[in-house]
2 protein chains.
Amino acid sequence: MKDKKSYHHGDLRKTLVDTATDIIRGGGVESLSMRKLADQVSVSRTAPYHHFKDKNALLCAIAEQGFLLQDLTVKQMPADYPDFSAAALFEHYVLTYIRFANEHPETYDLMFGREIWKTGKPTESLKTISKSSFRRWVEWIAQLQQQDLFDRNEPALRIAQASWAALHGLCRLFNDGIYVNRDDLEAIAKTTVKMLIQPKK
Amino acid sequence: MKDKKSYHHGDLRKTLVDTATDIIRGGGVESLSMRKLADQVSVSRTAPYHHFKDKNALLCAIAEQGFLLQDLTVKQMPADYPDFSAAALFEHYVLTYIRFANEHPETYDLMFGREIWKTGKPTESLKTISKSSFRRWVEWIAQLQQQDLFDRNEPALRIAQASWAALHGLCRLFNDGIYVNRDDLEAIAKTTVKMLIQPKK
DNA sequence: CAAGCTATCTTGACAGTGTCAAAATAGAAT
DNA sequence: ATTCTATTTTGACACTGTCAAGATAGCTTG
């Protein structure tokens, strides 16, 4: 029950998610077909449907993995720079965030793209994991408000929404191929940070 | 040559773009199929291919229409409020922008989405029309810098990129179904504006 | 160990997609 | 009236997601 290693395939579910992620990394979501995926794993066309109700469900699983990876990336970040100022820490986070989006563009697309959230239907578990991720963001913003990085009079939620949208928009414009000059990414990100936070005094 | 009214169909090209736009409005880009579109226009499956090389080319045409419509919407805006302050004018523009995205979400998606810009290939004419649209944005930002709405020391291009990304991100989060509470849209937009512009003095 | 049961996987099938090639037709040009 | 070209159609191909029915593998019970 715990160790499924010697079943038909082994652990097909995990294999599917992993190779699907690989395929997507190479050619985008639109290059992923259930059939080709099954082929590549040496299994029949409909085998995956016993582990995922839908193609949508598979994509949700990939997105979940993405959130986990992002959490990992972020969590091991602020410890490295314990005596940064609030502003520096915020900028550092922003850069980490956009680098993540830049390095895993297709996963990022699934995490926050219409494919799942509008066209498809997000899994219950995906909804909870993404929701808790956003909640942490709001809480941190509230802290930074106390440190006068943002306007205290504005609700934390609003600032969180607005600032995340700014971040997200930047990621999207690069990921979607509208901003093409990759070298500008960090410079634009830094400008964004400067514009978002309040002047020192 | 000028009046194609009495040809096989009439002006098929225009009819295709229009009804395709309609279909998209109803069910998103993913609900548009070349075959159903041809059906709806009472023409055979492959007839559209003599007016558009590709499905992609059709989508580009819709996007172009979108840019034209956006231009129209924007152009008749600042005249109405001739004595607004720079800040008020900027906020007004932002609200107009996100309202446009909100009212034509599917067209907006095509104008700035990966469907065309990353996965597909933007038409030459689409590239030029969108480029000139962005250039106007940069020029306006440069003006607002002179009015101390933005930091003079920062390159206008950077500020234009960063601020547009913020706008765009907001539109996307709503359009893609991640921010769902439509009532918050304008509030978040106003917060965004407040955060982006420099304090009065 | 044998019988039954369930999780897993396969084969067959269907409706739908984009788009190419070849044929048919309508309208303009000669 | 004939030729030429712009437009539209029919047929075909390879591909997609996914449902229903059957086969098989492995665990669970007697």
Side-chain angles (χ1 to χ4, degrees), chain A residues 1-20 23-24 26-63 110 114-116 118-123, chain B residues 1-20 23-24 26-63 110 114-116 118-123:
Chain A
M1 200 198 258
K2 209 169 193 173
D3 187 357
K4 299 187 178 179
K5 263 292 157 58
S6 57
Y7 227 107
H8 290 116
H9 175 94
D11 191 352
L12 183 54
R13 194 196 145 94
K14 180 172 163 34
T15 311
L16 285 172
V17 175
D18 288 352
T19 59
I23 294 178
I24 279 176
V29 209
E30 47 280 327
S31 76
L32 172 68
S33 99
M34 293 299 265
R35 294 171 103 109
K36 279 192 326 204
L37 171 62
D39 250 39
Q40 193 155 327
V41 179
S42 299
V43 97
S44 88
R45 295 143 264 160
T46 59
Y49 286 86
H50 288 88
H51 298 270
F52 300 99
K53 171 184 158 293
D54 252 345
K55 184 178 187 179
N56 178 69
L58 209 209
L59 298 181
C60 287
I62 300 176
L110 282 180
R114 72 178 277 151
E115 179 100 45
I116 287 178
K118 184 169 188 181
T119 306
K121 287 252 165 280
T123 306
Chain B
M1 200 198 258
K2 209 168 193 174
D3 187 357
K4 298 186 179 179
K5 263 296 156 58
S6 57
Y7 225 106
H8 290 115
H9 175 94
D11 192 352
L12 184 53
R13 194 195 146 95
K14 179 171 165 33
T15 310
L16 285 172
V17 175
D18 288 352
T19 60
I23 293 177
I24 279 177
V29 209
E30 49 280 328
S31 77
L32 172 68
S33 98
M34 293 300 267
R35 293 170 103 109
K36 278 190 328 202
L37 170 62
D39 250 37
Q40 194 155 327
V41 178
S42 301
V43 98
S44 88
R45 296 142 264 160
T46 59
Y49 285 85
H50 290 254
H51 299 269
F52 300 99
K53 170 183 159 292
D54 253 346
K55 184 179 187 178
N56 178 70
L58 208 209
L59 297 181
C60 286
I62 300 176
L110 283 180
R114 72 177 278 151
E115 179 100 44
I116 286 178
K118 185 169 188 180
T119 306
K121 287 252 166 281
T123 306

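Below, chain A is the first sequence line, B the second, and so on; all start at residue 1. Heavy-atom basis, side chains included; hydrogens, waters and symmetry copies ignored. In this text the structure is predicted, and so the values were computed from the model without any measurement.
Separating the NZ atom of A:Lys55 from the C1' atom of C:dT17 is a distance of 12 Å, rounded to the nearest angstrom. Atom CZ of B:Arg35 is separated from atom C1' of D:dT9 by 13 Å (rounded to the nearest Å). Distance A:Phe52 CZ to C:dT8 P: 12 Å, rounded to the nearest Å. Counting to the nearest Å, the P atom of C:dT11 and the CG atom of A:Asp39 are 11 Å from each other. The interatomic distance linking A:Leu16 (CG) with C:dT8 (C1') rounds to 12 Å, in whole Å. Separating the CG atom of A:Leu58 from the C1' atom of D:dT16 is a distance of 15 Å, rounded to the nearest angstrom. If you measure from atom CG of A:Asp11 to atom P of C:dA7, you get 16 Å, rounded to the nearest angstrom. The interatomic distance linking B:Met34 (CE) with D:dT8 (P) rounds to 13 Å, in whole Å.
A:Lys53 meets the side-chain contact (heavy atoms from CB on, under 4.5 Å) test with no other residue; sequence neighbours excluded. Residues passing the side-chain contact (heavy atoms from CB on, under 4.5 Å) test with B:Asp54 are B:Asn56, B:Ala57, sequence neighbours excluded. Applying the side chain to side chain donor-acceptor pair (under 3.5 Å) test to A:Lys55 and every residue at least two apart in sequence or in another chain returns nothing. Residues forming a salt bridge (Lys or Arg N to Asp or Glu O under 4.0 Å) with B:Lys14 (at least two apart in sequence, or on another chain): B:Asp18.
Each of A:Lys53 and A:Ser33 was assigned the nucleotide of DNA chain D with the nearest heavy atom; the assignment lying further toward the 5' end belongs to A:Ser33.
For the atom pair NZ of A:Lys118 and CD1 of A:Ile116, the computed distance is 15.0 Å after rounding to the nearest 0.5 Å.
In this structure, A:Leu32 reaches the sugar-phosphate backbone alone: every heavy-atom distance under 4.0 Å involves primed, P, OP1 or OP2 atoms, never a base. Residue A:Lys36 is classed as a sugar-phosphate contact, given heavy-atom separations below 4.0 Å to backbone atoms only.
For the contact set between residues 40-51 of chain A and DNA chain D, defined by any heavy atom under 4.0 Å, the members are A:Thr46, A:Tyr49.
The side-chain heavy atoms of B:Leu59 and B:Ile24, taken from C-beta on, include a pair separated by under 4.5 Å.
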Exercise answer: donor-acceptor pairs, residues 35-52 of chain A side-chain atoms, under 3.5 Å, sequence neighbours excluded:
residue: A:Lys36; atom: NZ; partner: A:Ser31; partner atom: O; Å: 3.4

